[in-house]
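Working notes, structure below.
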Amino acid sequence: QVQVVESGGGLVQAGGSLRLSCVASGTIFRLNAMGWYRQAPGKQRELVASIDSGGTTTYVGSVKGRFTISRDNAKNTVYLQMNNLKPEDTAVYYCNANIWLTLSSGNLYYWGQGTQVTVSS
């Protein structure tokens, strides 16, 4: 049984900062890429940032220079540091983890329950 749990959302004023955390737990053979997605009301879920097991990162253009994704492999945890937040960053943020349960299981994708980020103007 694998669980992916996010934390750290909240309400912040424009220009402020938040740090999201996501922990993957359970019987995990290998934790591969992890990513943060967000979904605003009436919009499709979009990839915000991702990081592979070697630390290579990608970002959507709208958050480059403001958000930083990082991971602690010893803790199976990924973080999203969000600075200079804007009202358009308001969304539910979801963590996604690419996991091997065994050597032969292949890639399996697990989602967290989401954490609300609200940025007031």
Q: State, to 0.1 Å, how close S121 and P87 come at their nearest heavy-atom pair, and which atoms those are.
A: CB-CG, 3.8 Å
**Q.** E88 and T90: side chain donor to acceptor below 3.5 Å
**A.** no
Q: Would you check if the side chain of Q81 reaches a backbone N or O of R19 as a donor-acceptor pair within less than 3.5 Å?
A: no
(Q) Distance check, rounded to the nearest 0.5 Å: Y37 atom OH versus N96 atom CG? (A) 5.0 Å
Q. Which pair of heavy atoms, one from N84 and one from S17, lies closest together, and at what distance?
A. N-OG, 4.3 Å
Q: Can you measure from CH2 (W36) to CG (L80) and round to the nearest 0.5 angstrom?
A: 6.5 Å
**Q.** Over all atoms of both residues, closest heavy-atom pair of C95 and V78
**A.** SG-CG1, 3.8 Å
Q. According to a 4.5 Å side-chain heavy-atom criterion applied to Ile, Leu, Val, Met, Phe, Trp and Tyr, with indirect links allowed, do L85 and L20 form part of one hydrophobic cluster?
A. yes
(Q) Give me the atom names and distance for the closest heavy-atom approach of T118 to Q116. (A) OG1-NE2, 3.3 Å
Please report, to 0.1 Å, the donor-acceptor pairs under 3.5 Å made by any side chain of residues 22-30, with sequence neighbours excluded.
{"unit_1": "R30", "atom_1": "NE", "unit_2": "N32", "atom_2": "OD1", "d": "2.4"}
{"unit_1": "R30", "atom_1": "NH2", "unit_2": "S53", "atom_2": "OG", "d": "3.4"}

Q: Could you tell me the separation between the CD1 atom of I99 and the CG atom of L108, rounded to the nearest 0.5 Å?
A: 8.0 Å
Q.
For a 4.5 angstrom cut-off between non-hydrogen side-chain atoms, does Q39 reach Y94?
A. yes
**Q.** Sequence-distant partners of R71, salt bridge (charged side-chain N to carboxylate O under 4.0 Å, His left out), two or more places apart
**A.** none
(Q) Quick check for you: to the nearest 0.5 Å, what is the distance between M34 atom CE and I51 atom CD1? (A) 9.5 Å
**Q.** From T68 atom OG1 to N83 atom CG, the distance as rounded to the nearest 0.5 Å
**A.** 6.5 Å
(Q) Restricting to non-hydrogen atoms, name the atom on V4 and the atom on A97 that form the minimum distance, rounded to 0.1 Å. (A) CG2-CB, 4.2 Å
Q | Y79 OH to D72 CG distance, which is reported to the nearest 0.5 Å | A | 5.0 Å
Hey, can you pull the donor-acceptor pairs under 3.5 Å for the side chains in residues 54-64, sequence neighbours left out?
{"unit_1": "T58", "atom_1": "OG1", "unit_2": "S50", "atom_2": "OG", "d": "2.5"}
{"unit_1": "Y59", "atom_1": "OH", "unit_2": "I69", "atom_2": "N", "d": "2.9"}
{"unit_1": "S62", "atom_1": "OG", "unit_2": "R38", "atom_2": "NH2", "d": "3.3"}

(Q) Is there a path of hydrophobic side-chain contacts, each under 4.5 Å between heavy atoms, that joins V117 and V5? (A) no
Q. According to a 4.5 Å side-chain heavy-atom criterion applied to Ile, Leu, Val, Met, Phe, Trp and Tyr, with indirect links allowed, do Y110 and V92 form part of one hydrophobic cluster?
A. no
